[in-house]
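Numbers restart at 1 for each chain; the letters A, B, ... are given by sequence-line order, proteins then strands. Below, all heavy atoms of this structure are taken into account, side chains as well, without hydrogens, waters or symmetry copies. Since this is a predicted model, take the numbers as computed values, not measurements.
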2 protein chains.
Amino acid sequence: MFSKATEYALRATIYIAQKSSVDNKLSLTEIAQAIDSPPSFTAKILQLLTKENCVIHSVRGPNGGFYITEKNKLLPLKKILEAVNENDLFEKCILGLKKCSETNPCPLHFQYKPVKQELIHLFQTNTILELSEKADSESMFINNKL
Amino acid sequence: MFSKATEYALRATIYIAQKSSVDNKLSLTEIAQAIDSPPSFTAKILQLLTKENCVIHSVRGPNGGFYITEKNKLLPLKKILEAVNENDLFEKCILGLKKCSETNPCPLHFQYKPVKQELIHLFQTNTILELSEKADSESMFINNKL
DNA sequence: ATAATTAAGGACAAAAATACCTTTAATTAG
DNA sequence: CTAATTAAAGGTATTTTTGTCCTTAATTAT
């Protein structure tokens, strides 16, 4: 479904929302271990999340690291997708047709449409906070280790 | 969503179902042009469709080419996904967690679940025939040219 | 039989995604 | 001020996906 980059972005952001605060920043190393992702690649993705949409924040130096503000926890998951440039994924034709539209639909267009809209809805309505709380309360581990 | 390989497999099969018969086989060249795909790469994918699941058939030599039997037109789209090894796409955790399950769910698990099932349903219930007929009647062009 | 046609199959090439590494910049603690 | 720590930035390497090309095999028509 999603690219590795997007999966890491979602997992990392949820983990950061769970564990971080302005005075408890998380290091790249901790994040990558927790969400089971390659550290260096994760670094690039976290850079996107700090730059492109300012979903998360970062501070360099000792006791530096990544954190997310309470305000930004209220952002929808959609913002994470935007940051890693995978926001248009659900907009695309499922058969990969460039010209597929309401007036020139592909054979799956109208059946895929409601599914597509549920997906968009899911990522537009769910906030980072909500996801991180679920990850807490239902002891859903982001951790991916065997 | 899908890989290029899968998109080409779906488009090609629909086109073959629209236009071919045992005594009117379609050449690789015609198919690739019609669905706007790279011919050589499409050849590989058509091989998968003839071998892995025998979704389509092929004959070499003059007046040879690809066709699909009336019987096979009744196969669900799922069979095409199986042939190109992308059948497990919808089964996977949307956050990419290996251990995600009903008892150890990721924070999106239960919200994604119904969407996932609609997708599975869509590819299990729709037959190749139904799609090709829609492509006909609603003049939905598989063609992708600008 | 021979030549022409068309898919099959294998090797190869290019592009994109994923992953790693090294240097630099910023920040903090001592 | 100096040393240590940590992310930023850039380049490089690996893997996967996508795409090409060439030879071989099968079939048909002459």
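Residue S27(A) is classed as a sugar-phosphate contact, given heavy-atom separations below 4.0 Å to backbone atoms only. If you check every strand for non-hydrogen atoms under 4.0 Å, T29(B) touches nothing. Residue L26(A) is classed as a sugar-phosphate contact, given heavy-atom separations below 4.0 Å to backbone atoms only.
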Polar atom pairs (N or O), protein with nucleotides 2-5 of chain D, under 3.5 Å:
| residue | atom | partner | partner atom | Å |
| --- | --- | --- | --- | --- |
| dT5(D) | O2 | P62(A) | N | 3.4 |

Close N or O pairs between protein and nucleotides 10-14 of chain C (under 3.5 Å):
| residue | atom | partner | partner atom | Å |
| --- | --- | --- | --- | --- |
| dG10(C) | N7 | K44(B) | NZ | 2.8 |
| dG10(C) | O6 | K44(B) | NZ | 2.4 |

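Remark: the T50(B) side chain and the S58(B) side chain contain no N/O donor-acceptor pair separated by less than 3.5 Å.
Looking at residues two or more places apart in sequence or on another chain, you find no salt bridge (Lys or Arg N to Asp or Glu O under 4.0 Å) involving K19(A).
For the pair D23(A) CG and dT27(C) P, the interatomic distance rounds to 18 Å; values are reported in whole Å.
Residue K116(A) places its NZ atom among more than 12 non-hydrogen atoms of other residues, nucleotides or ligands, all under 6.0 Å distant.
Close to dA19(C), at under 4.0 Å from its OP1 or OP2, lies a side-chain N or O of Y8(A).
Using a 4.0 Å cut-off between charged side-chain N and carboxylate O, E82(A) and K78(A) make a salt bridge.
In this structure, the side chains of F110(A) and E102(A) come closer than 4.5 Å at one or more pairs of heavy atoms.
Of the possible donor and acceptor atoms, none in the side chain of K92(B) sits under 3.5 Å from a partner among the backbone N and O of M1(A).
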